[in-house]
Amino acid sequence: MFDYKLLAALAAVVEQAGFERGAQVLGVSQSAISQRIKLLEARIGQPVLVRATPPTPTDIGRRLLNHVQQVRLLERDLQSQVPALDEEGMPERLRIALNADSLATWWAEAVSDFCAEQHLLLDLVVEDQTVGLKRMRAGEVAACICASERPVAGARSLRLGAMRYRALASPAFIARHFPDGVRADQVARTPALVFGPDDFLQHRYLVSLGIEGGFEHHLCPSSEGFMRMVEAGLGWGLVPELQVRDQLERGVLVELLPDKPIDVPLYWHHWRSGGQLLGMLTEHLARATGQWLVPLE
């Protein structure tokens with residue numbers, strides 16, 4: 001039988017990206033949490049962590065993390081049926097990976113009432129929608145929002161809809177770079193904004209215009225900062241329609257090529273054995289997200 005104090009130590013180190021912060025979360029010394037990891041490795045006969053910065057789980061470590069995530073959720077179901085088992089009476093905490101644009105637009109409003117009703121705390125990991133699934137595969141999160149439909153083993157996926165993006169720039173940027181009007185073949189020759197190295201949305205957009213190859217771009221890994229840079233005229237960028245309706249109405253931002261948006265599909269992935277709470281959240285999202293996301297064709 002597993003010693004769950006040892007598994008909790010592994011989860012804390014990975015989730016908190018280090019031994020020191022993991023120890024703080026568990027209320028033990030850094031030496032104590034290190035000893036628990038060593039004892040876990042001695043019992044299973046192989047490493048569970050790669051000692052890097054931050055520490056990352058090995059293959060067996062990922063399997064153990066998946067197990068811990070699901071046990072936490074199943075324990076909550078049992079506590080609701082046998083309240084005496086819940087000695088601390090603490091709210092449940094769900095660790096979820098999602099993309100920055102969802103967090104900056106529809107996510108908070110979509111889950112606010114649910115979290116209040118279920119006494120649920122969220123531990124959010126911001127990850128680009130194209131790679132968010134790696135967090136589930138690593139056993140670091142109980143669920144994620146990503147652009148991939150195919151779930152990892154032991155999980156299910158639910159189609160939520162798509163976020164619509166529009167290629168926008170400031171009037172000053174357009175006047176400077178497109179004095180004779182915007183043409184598709186000119187867009188790649190002007191500075192763009194890219195969220196990060198895993199963000200290939202601008203590449204996809206240019207390909208849809210028949211343009212391939214590299215292009216000049218700034219890197220800005222902040223949804224709010226991305227918006228500010230577009231408004232300041234540093235470059236053009238693909239911005240969620242939900243985020244810029246007011247700016248478009250006021251003329252602060254202008255669409256480069258009207259009626260040429262690009263849609264990014266979003267899928268909700270969750271563990272099959274995630275218990276009632278994860279199932280209820282999944283049902284809630286299935287009902288609620290249609291207010292903000294466009295249907296997938």
Report the hydrophobic cluster partners of Y267, with the cluster defined as I, L, V, M, F, W, Y residues connected by side-chain heavy atoms closer than 4.5 angstrom, directly or transitively. L296
Tell me whether H217 contacts the main-chain N or O of F215 through its side chain, where contact means a donor paired with an acceptor under 3.5 Å. yes
Looking at W271 and V141, what are the two nearest heavy atoms and their distance? NE1-O, 3.2 Å
Is a side-chain donor or acceptor of H218 paired with a backbone partner of F226 at a separation under 3.5 angstrom? no
Just so I know, are the side chains of R204 and L201 near enough to count as touching, which here means a heavy-atom distance under 4.5 Å? yes
Nearest heavy-atom contact between A169 and I174 is CB-CG1, 4.0 Å
Just by modelled atom types, is the V187 backbone N or O under 3.5 Å from a matching donor or acceptor in the T190 side chain? yes
Determine whether Y4 and H67 make a side-chain contact, defined as any pair of heavy atoms from C-beta on separated by less than 4.5 Å. yes
Is the shortest side-chain heavy-atom distance between I37 and R51 below 4.5 Å? yes
Evaluate the side-chain proximity of M229 to C220: yes if any heavy-atom separation is below 4.5 Å, no if none is. yes
Taking atom types as modelled and ignoring hydrogens, do the side chains of T289 and W106 form a donor-acceptor contact shorter than 3.5 angstrom? no
Contacts of type side-chain contact (heavy atoms from CB on, under 4.5 Å), residue E231, not counting sequence neighbours: M227, R228, Q247, V252, L253
Filter on side-chain hydrogen bond (donor to acceptor under 3.5 Å, both in side chains), then keep only pairs touching residues 6-24, sequence neighbours left out; what's left? E15-Q69, E15-R72
Please list every donor-acceptor pair under 3.5 Å in which a side-chain atom of residues 254-263 meets a protein atom from a residue at least two apart or in another chain.
from: E255; atom 1: OE2; to: R166; atom 2: NH1; distance (Å): 3.1
from: D263; atom 1: OD1; to: R164; atom 2: NE; distance (Å): 2.8
from: D263; atom 1: OD2; to: R164; atom 2: NH2; distance (Å): 2.9

List in chain and number order the residues that pass side-chain contact (heavy atoms from CB on, under 4.5 Å) with A232, two or more places apart in sequence or in another chain; answer none if no residue qualifies. L234
For S157, the side-chain contact (heavy atoms from CB on, under 4.5 Å) test, sequence neighbours excluded, returns E149, P151, H269
State whether the side chain of S34 and the backbone N or O of S31 hold a donor-acceptor pair below 3.5 Å, judged by distance alone. no
Please examine the side chains of D101 and L242, heavy atoms only from C-beta on, and report whether any two atoms are closer than 4.5 Å. no
